Protein chains: 2
Amino acid sequence: MVLKKMIDRYKAIGLKMTPQRLAILEYLDGNREHPSAEDIYRHVKKRFPTMSRATVYNTLETLRKRGLIMELSIDPMKKRYDPNIEPHHHLICLRCRNVLDVFMEFDVSVPEEARKDFVILGNHIEFYGLCSKCRNASHGEARNKEA
Amino acid sequence: MVLKKMIDRYKAIGLKMTPQRLAILEYLDGNREHPSAEDIYRHVKKRFPTMSRATVYNTLETLRKRGLIMELSIDPMKKRYDPNIEPHHHLICLRCRNVLDVFMEFDVSVPEEARKDFVILGNHIEFYGLCSKCRNASHGEARNKEA
DNA sequence: ATCTTTTTTAGAACCATTCTAATTTAATTA
DNA sequence: TAATTAAATTAGAATGGTTCTAAAAAAGAT
C-alpha cells in the first residue's frame, strides 16, 4: 500500500490533507484502470456529493508535479492517470481502450546519429492490439470508432 | 512524392477530389512536423480563406480511416497527425513538444504470459527528453508546463 | 447542361480542462 | 479551545479541441 507514503509525503511538503484528497488518493491507490479525471470525479463524487471537478484536476496536477502519479497520453481524447510510477509499458486495446500494464524492460537505445543531439530521458512503449474479450465478442465491449 | 498515390487512391474509392482536400494533402505530403488539426487549418486557410475547420477534421478522419495517415496520441492536449505511415517511433521534447522521427526497428516482443491473451498488432515507442535547442537555451522555445 | 451525391461551410454544440473569486477548512499557535 | 492564516474547495464561467448540423456549393457522371 503506497497510500500511507503518499499521505506522509503530502504533509512533509506542507500540503494539507483533506477528506477529498484522501478519497482521491484511496481511489488511485493500487488502481490498475488508468482512469481519466472524469472517471475519478464520478467515483469520488459518490462519497462527496459536493466534490468539484476542479478539486480532482488540482489534486491530479499536484500529484503529477510531485512525481506521485504519471500522466498518460494513451487516449487521443483525454488524459489518463497511472498511480504506478515504476517504469512500465502498456498494452492498449484498439476496440475497448482498456489498458494492460507490461512490467518488462526492453533494450531500445537510440544511437547517437539517430537522435541528433537529443537527450533521451525515458521511454514508453504502447503495444496496440485486441484484448481477449474484444477478440472473442465480435460486437460487445466496443467503446471507440476504429474503422 | 506520395501525393499522387493519395490522389489516385482517393478517386479509386469514389471520393471527390476538391481543391481544399488537395491543399490539405499537399501540406501533409512529406511534412515531418506532426501537425495538429489546427496547424493544418491555419496553413490551408491562407490559400482558402473560407476554409472551415470541419473540412480539415473531415478530411483527416477520411484519410485516417483509409490508412493514409496516422493519428498520434503524442500530445496530451490534442491529436497530431503523421503522413508517414511506415512504422516508426518518436522522440518527443518535453519542453517544446517538437517531435523527431526514429526510423529503427526494436525487438520488443512480449511473451505469452505477459500479454494475457492479448493479440498485439503493433507498437509505438515514445522517447522523451530534451531537444538540442531546448537543452541549450535555458528559456527559449518553451511551449508547455512540465515542472 | 443536368442530375445526384458528396463536400464545404459557418456556427452551434459538446467534452475535457483550466480559470476565477468567494467560501470553507486544515493545521498552527496562543 | 479559539483565533489565525495560508491553502483547498466550490460552482460556474471561460477556454480549447473536436464533432455535429443543416443549408449551400461543387465534383463527377450521364
Side-chain angles (χ1 to χ4, degrees), chain A residues 6-25 34-45 47-66 69 71-81 97 143-147, chain B residues 6-25 34-45 47-66 69 71-81 97 143-147:
Chain A
M6 281 196 173
I7 297 172
D8 293 346
R9 185 96 68 102
Y10 239 90
K11 298 191 165 173
I13 29 182
L15 296 171
K16 295 179 180 176
M17 185 46 60
T18 66
Q20 292 90 336
R21 280 183 173 175
L22 196 56
I24 293 171
L25 287 177
H34 312 82
S36 66
E38 184 67 20
D39 293 334
I40 297 165
Y41 172 70
R42 274 203 311 274
H43 183 91
V44 292
K45 197 175 174 58
R47 185 132 59 99
F48 293 89
T50 78
M51 167 77 63
S52 160
R53 279 188 179 78
T55 298
V56 175
Y57 282 98
N58 288 341
T59 302
L60 288 171
E61 178 61 7
T62 301
L63 290 169
R64 188 194 66 79
K65 278 208 298 238
R66 294 305 186 288
I69 60 174
E71 182 184 294
L72 304 178
S73 305
I74 276 177
D75 195 314
M77 289 314 291
K78 52 179 176 288
K79 294 177 185 172
R80 294 176 66 166
Y81 294 88
R97 288 280 158 197
R143 246 206 263 169
N144 71 338
K145 44 86 226 268
E146 300 300 314
Chain B
M6 280 196 171
I7 297 173
D8 293 346
R9 186 97 67 102
Y10 239 89
K11 298 192 165 173
I13 30 182
L15 295 171
K16 294 179 179 175
M17 185 47 60
T18 67
Q20 291 90 336
R21 279 182 174 175
L22 195 55
I24 294 171
L25 287 178
H34 312 81
S36 66
E38 185 67 20
D39 294 334
I40 298 165
Y41 172 70
R42 275 203 311 272
H43 184 92
V44 292
K45 197 175 174 58
R47 184 132 59 100
F48 293 89
T50 78
M51 167 78 63
S52 161
R53 279 190 179 78
T55 298
V56 174
Y57 281 99
N58 289 341
T59 302
L60 289 171
E61 178 61 7
T62 301
L63 291 169
R64 188 195 66 79
K65 279 208 297 238
R66 295 305 187 288
I69 61 174
E71 182 183 294
L72 303 178
S73 305
I74 275 177
D75 195 315
M77 288 315 289
K78 51 179 177 287
K79 295 176 185 172
R80 294 177 65 166
Y81 293 89
R97 288 280 159 198
R143 246 206 261 170
N144 72 335
K145 46 86 226 276
E146 300 299 317

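Just so it is clear: chains get the letters A, B, ... in the order the sequence lines come, proteins before strands, and each one is counted from 1. Keep in mind it's a predicted model, so treat the numbers as computed, not measured.
- Regarding contacts with the backbone of dT9(C), a side-chain N or O of Gln20(B) is found under 4.0 angstrom from either OP1 or OP2.
- Relative to the side chain of Lys79(A), the nucleotides dT7(C), dT9(C), dT17(C) differ in distance, and dT17(C) lies closest.
- Looking at heavy-atom distances under 4.0 Å, Pro19(A) makes contact with sugar-phosphate atoms alone, never a base.
- Both Pro76(B) and Arg21(B) sit near DNA chain C, but only Arg21(B) has its closest nucleotide nearer the 5' end.
- In this model, the phosphate group of dT19(D) is not approached by any side-chain N or O of Tyr57(B) to a distance below 4.0 Å at OP1 or OP2.
- Heavy-atom nearest nucleotides on DNA chain C were determined for Thr50(B) and for Lys16(B), and the one closer to the 5' end corresponds to Lys16(B).
- When the nucleotides dT8(C), dA10(C), dG12(D) are ranked by their closest atom to the side chain of Ala54(A), dG12(D) comes out on top.
- Side chain of Arg21(A) to backbone of Lys16(A): a donor-acceptor contact under 3.5 angstrom is found.
- A salt bridge between Lys11(B) and Asp8(B) is absent, with no side-chain N of the basic residue lying under 4.0 Å from a carboxylate O of the acidic one.
- Spacing between atom CG of Leu60(A) and atom C1' of dA8(D) amounts to 15 Å, rounded to whole angstrom units.
- Distance alone, capped at 3.5 Å, is enough to place a donor-acceptor pair between the Arg80(A) side chain and the His34(A) backbone.
- Each of Tyr41(A) and Leu15(B) was matched to the nucleotide of DNA chain D holding its nearest heavy atom; the match closer to the 5' end belongs to Tyr41(A).
- Checking the phosphate oxygens (OP1, OP2) of dT8(C), a side-chain nitrogen or oxygen of Thr18(B) falls inside 4.0 Å.
- The pair Arg53(A)-Glu38(A) counts as a salt bridge, with a side-chain nitrogen and a carboxylate oxygen less than 4.0 angstrom apart.
- The side chain of Ser52(B) has dA10(C) as its nearest neighbour among dA10(C), dG28(D), dT18(D).
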